[in-house]
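Heads up: the structure comes next, in structure tokens.
Ligands are counted one by one from 1 in listed order, and the atoms in each one are counted from 1 as well.
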Amino acid sequence: MTTNANFFLSLQKGIQSALSKPCIEGPDFPFLSYSELEELTAQAANLLKSLDIKAGARVLVQTPKSPLGVAFYLACLRSGAIYVPLNAAYTTEELDYFIEDTEPDIFVCDPARREALKGLFLKHKIPSILEIDASGQGSLLDQLKEFPNQHDVVQVDSDDTAVILYTSGTTGKPKGAMLSHGNLDSNSQALFKIWGWQNDDVLIHALPIFHIHGLFVALHLSLLGGTSMLFLSRFDAKQIIQLMPQATVLMGVPTFYTRLLQQDTLSPELCKNMRLFVSGSAPLLEETFSAFATRSGQQILERYGMSETGMLMSNPLNKEDGERVPGTVGFALPKLNYRVCGEGGNELEPGSIGTLQVKGPNVFNGYWRNPEKTKQEFSDGYFITGDLVNEGPDGRISIVGRNKDLIITGGYNVYPKEIELVIDELDSIAESAVIGVNHPDFGEAVVAVIVPSDNDQTIDEQEIISGLKTQLASYKAPKKILVIDELPRNTMGKVQKNLLRDKYGDLFT
Ligand code: AMP
């Protein structure tokens, strides 16, 4: 008989070891113990069974963050269904594409949006609609009470897809990265070990749970350890300052740290129980690292990874394994193979700057229903990350840039092409180039440089931005629109975004 490789079994060990302990605490939600979490996941898995959700069925989820949302995610794993979390900011137009692409059996929505989404649900004939609201209470929780709190974990192979995470692409349309049960297991076990997860760790969880950082990295480690989370519906620097004395770990994007630095009460005394501050999803500036070390008495541990691969590199936890060096993302995680390649895909001499390619048990199975794209982004079994790195003589990696056209704003990824396609549809605009510009709070800000279709007309910046927000999630909308007569192009006709970035680089600084 083959063994069951369902990743939920690994998490269940942690859950079972902590049944009498708190799982979710904090000011935003009712207390939830590990035994309550275990029961809820079994009940939700039984609900899925009653709806005839089989292994491999897609469950699309766009809800506010809540403990019930966590239980529902675990229930999907437990049932072998494929969990597809979506950014709560996605508009109806964006959802249309995700539904078309995944053909879900269930859509879980925020009841506040149900009316607005009714047309979409009918159009796509989605068999079941469930609701989870911002308080984590509501109709689904009531429904669950009717289901048994025992459930046999569904048998899956380690290669079977557990989660599809959508990442936008240079071609404009987001692509679904298929993460297997084996991927999730190997990456979370590796991080659990290298970050020395402790039995009494208390994590401040202030990240969204539709993204790899909050859903996998933060949540999985707490569940594997059966340790408690101070679970916040969103990042709020003042709230985190208040909770810090009760916590030991914080995971965040660089913006968390720049905002914490604005709090007068941040001090070594306040942080004395904290053992680990982790930063990732976007580059952490050396000045943030240094200022935070001075103000908190602790060095932030920067790590690097992506939706398609989970975490890849991490600065060391302990001094014996090396210093945490700002501006670097540390060393490769155990079992990761990697190489640094030139433009033609050839492996470069040690020390050269090139594209990072990776292979290992954490690397995804490809893009959902997109074999073409999958083929393009792999080379001899290595996934081409699109990040430009430099490897030091000791194997320490620094991310020095990206050869993919990507903007990371406040930890969220924005692919310019997707925005340009929407802007170029507007009658008043002939063409556009969307760039990322340094921003003191968001790291990078989205800026659209546009050429009007008629030079005599006036362009109303605010009107364009508000219009874009009806079609695109707000974080993707430009913070600024700049009007110019002509986009700079090279001899091949390609827009020279580097010139625009140089020209407008200090727009916000
Ligand atoms: P995502 O799939 O949303 O997690 O975004 C992944 C991308 O974020 C990576 O390919 C990098 O370009 C970027 N990224 C993640 N962590 C870091 C980091 N520590 N430093 C620089 N860039 C990062």
### Task
Answer yes or no for K479 and F442: cation-pi contact, defined as NZ/CZ to six-membered ring centre under 6.0 Å and angle to ring axis within 45°.
yes
#### Entry: Parallel, tilted or perpendicular, as decided by the 30° and 60° cut-offs, for the rings of F383 and F364
perpendicular
## Note on the structure
Sequence neighbours excluded, the answer for side chain to side chain donor-acceptor pair (under 3.5 Å) partners of T385 is none
### Query
Less than 4.5 Å apart, any side-chain heavy atom of V163 and any of L165?
yes
### Task
State, with a plain yes or no, whether a side-chain heavy atom of V325 is found less than 4.5 Å away from one of R396.
yes
### Query
Under a 4.0 Å N-O cut-off, is there an ion pair linking K175 with D101?
no
When you check ligand 1 against the protein, what N or O pairs turn up below 3.5 Å? List the atom names and distances, or just say none.
| from | atom 1 | to | atom 2 | distance (Å) |
| --- | --- | --- | --- | --- |
| ligand 1 | 2 (O) | S307 | N | 2.8 |
| ligand 1 | 2 (O) | S307 | OG | 2.7 |
| ligand 1 | 3 (O) | H211 | NE2 | 2.8 |
| ligand 1 | 3 (O) | N413 | ND2 | 2.9 |
| ligand 1 | 5 (O) | N413 | ND2 | 2.9 |
| ligand 1 | 10 (O) | D387 | OD2 | 2.6 |
| ligand 1 | 10 (O) | K404 | NZ | 2.6 |
| ligand 1 | 12 (O) | D387 | OD1 | 2.6 |
| ligand 1 | 12 (O) | D387 | OD2 | 3.4 |
| ligand 1 | 16 (N) | S281 | N | 3.2 |
| ligand 1 | 19 (N) | E302 | OE2 | 2.9 |
| ligand 1 | 19 (N) | R303 | O | 2.8 |
| ligand 1 | 20 (N) | E302 | OE2 | 3.4 |

